[in-house]
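Reckoned from all heavy atoms, side chains included, excluding hydrogens, waters and symmetry mates. In this text the structure is predicted, and so the values were computed from the model without any measurement.
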Amino acid sequence: MPAVKSGDLVIRRPNDGTDEAGIGTVCLVGDARAVVEWSDGQRTEIPLPAPSDVEVAPVGSLRHRALRDAEALRREFAESPVSVLVTLLGEQGGTASIGELRRWTNELALAGGYDSAWWGNVRRELDTDPRLTKVRGGAQWKLLGLPADRLSQEHMPSLAVATAEHEGVEAVVKTEPHSSSAPESSMASLAAELDGTEERVVDPLEEQPPQDAVLPGDPAKEADDHRTDAREAFEDNLRLLSEERDQYKAALRRQEAAVQELRAERDRLRLWIADLQAECERSTEQADVLRQQVTDASSTLVEANRRAEALVEKVQRREEELRQVRQGGRAVSQSQLRQARMDGLRVLAAVLAEVADHVVHATDMDGSRAADALYRRALTQAAAAIVTDIGVAGEETGFDPVRHRFTTAGSAERVVVERPGFAWQSGTPQEVVLEPALVRVADQ
């Protein structure tokens, strides 16, 4: 299979019923893969070399033209069928019969309306085409290695003249007698014929003798000389043609190699650019996600800070009310004052528990640090009211039914603190638990 290039057409045949047939164009070519854009606009990759269920139509081939501009190819076939058939013969391996050519043209939708008489005329033209030769008893044509239309035009006249001279001399030798008793008129006619032939064979760069200096001689010797000159001229022309052909092929190979290198470099650059674009798009998406997370964390932190300030302000109002009650000399029992203080402290403990819960469940680093700072500041203020925390998140300790509460129903001797609790040191030996710590069963 020829190497896949950008611009080639790819025909995908159904494999096991899961894939649909389609036609695509090769956009990018890498070392082991090629990017194909299908007729519906989707792009997929195929491995290289192409798998068996994929047919590749190279740019410029008859298959490519039949898929891209079938009408133009049909017009060309109608105007010059032999030229199209010779090209088709070269693309299909160089050897074919008339039946194979007809089948290939039917596959390309070129020969649907031509009868047997028309094909008979085309067959006779193929028999006389100088680019083809008959093989296998005349049943097939074979494309020659050096087509006749690529012969150098500047050497064709001299080649034809040399061939004609060779044939003319052989005819003279066959028709004229070699005996010395031949009539004088026959000798003169042969001399005149040889004179004219010699003028055509002589190299134009060499100085020719005047016409009156050429005397008739032995006919057989003259014919041998002319045959030798014609053969040498013929061989020289063939040698020149071979050298020019080799030079042309070498130059063409160098140009094709340079073009292939440029195309490969272009395809590598396209793949590199595509990878950079994909990486840039992924980076942009990640940046958008991070920005959204920062925005959400900032909003949550602002809301938590606002609620904490409101609760602290409420606690301060309660403490101010307590001071006013004391200063006004109201007869409030110690138990009532203690209950009022405990109510205020429970509110503060609820605030601290909510902030601690936000610290534990923060989703990003920036939000966690900000919430932790807020929690430490509120804990410092609570310490002034003799409120202390019960446990630290993640700490393993023994279960205390007064200070601990399970997040779900359960019982265990060792537990892990999931959210700290808070207690008030009232100045008596027994502390007052304002908010028990939430715990779970420790892993064994």
Side-chain angles (χ1 to χ4, degrees), residues 2 8-9 11 55-168 170-171 200 230-231 233-235 237-246 248-249 252 256:
D8 291 351
L9 291 181
I11 300 93
E55 178 186 357
V56 179
V59 175
S61 65
L62 293 179
R63 179 68 165 158
H64 188 282
R65 296 175 60 191
L67 293 173
R68 282 303 189 199
D69 194 354
E71 187 62 28
L73 184 58
R74 282 193 288 268
R75 288 197 303 269
E76 181 180 349
F77 182 74
E79 295 171 1
S80 181
V82 174
S83 178
V84 175
L85 290 175
V86 171
T87 303
L88 181 60
L89 184 62
E91 293 180 359
Q92 296 293 339
T95 304
S97 63
I98 188 67
E100 291 173 327
L101 289 176
R102 293 185 68 171
R103 178 169 57 83
W104 293 338
T105 53
N106 286 331
E107 291 175 356
L108 296 176
L110 297 179
Y114 300 101
D115 55 10
S116 299
W118 183 88
W119 277 104
N121 294 330
V122 170
R123 182 169 188 167
R124 286 188 289 273
E125 293 181 12
L126 291 173
D127 289 338
T128 60
D129 194 284
R131 295 169 290 185
L132 306 176
T133 183
K134 300 285 283 186
V135 295
R136 295 191 178 182
Q140 292 184 339
W141 292 282
K142 181 179 180 181
L143 186 64
L144 296 175
L146 182 62
D149 58 350
R150 287 182 56 188
L151 290 175
S152 177
Q153 296 298 323
E154 62 181 359
H155 297 291
M156 289 299 289
S158 59
L159 183 59
V161 169
T163 304
E165 288 173 352
H166 193 155
E167 295 174 353
E170 289 184 347
R200 290 193 301 272
R231 188 180 300 108
F234 184 81
E235 291 174 355
N237 286 327
L238 286 180
R239 185 170 57 256
L240 290 174
L241 291 175
S242 179
E243 293 175 357
E244 290 181 355
R245 179 191 63 187
D246 294 339
Y248 174 79
K249 286 184 176 179
L252 185 60
E256 288 177 349

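When the ring pair (Phe, Tyr, Trp, His ring centres under 6.0 Å) test is applied to W119, no partner is found at least two apart in sequence or on another chain.
Listed for the T105 side chain is a donor-acceptor partner under 3.5 Å among the backbone atoms of L101.
In this structure, CG on L89 lies 9.5 Å from CD on E100, to the nearest 0.5 angstrom. To the nearest 0.5 Å, the span separating CG on L143 from CG on L85 amounts to 12.0 Å. Considering OG of S83 and CZ of R131, their distance stands at 5.5 Å, rounded to 0.5 Å.
Among all heavy-atom pairs drawn from S97 and A139, the shortest one is CB-O, 3.5 Å. Closest approach of P81 and V122 over heavy atoms only: CG-CG2, 4.2 Å. Contact record, P58 with D8: CA-OD1, 3.4 Å, taken as the closest heavy-atom pair. Of all heavy-atom pairs between A57 and I11, the closest is CB-CD1, 4.2 Å.
The shortest distance between side-chain heavy atoms of L88 and L108 falls below 4.5 Å. The shortest distance between side-chain heavy atoms of V59 and R68 does not fall below 4.5 Å. Counting heavy atoms from C-beta on, the side chains of L9 and V56 never come closer than 4.5 Å.
Each of T95, D127, D129 was checked for a side-chain contact (heavy atoms from CB on, under 4.5 Å) with W141, and the lone residue meeting it is D127.
Ring pair W104/F77: centre-to-centre distance not below 6.0 Å.
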Given E76 and D69, is the side chain to side chain contact (heavy atoms under 4.5 Å, CB included) satisfied, shown in steps? CA-CA 11 Å; E76 181 180 349; D69 194 354; over 6 Å; no
Check against side chain to side chain contact (heavy atoms under 4.5 Å, CB included), L110 and L62: CA-CA 11 Å; L110 297 179; L62 293 179; 5.7 Å; no
Salt bridge (charged side-chain N to carboxylate O under 4.0 Å, His left out) evaluation trace for R63 with E91: CA-CA 10 Å; R63 179 68 165 158; E91 293 180 359; over 6 Å; no
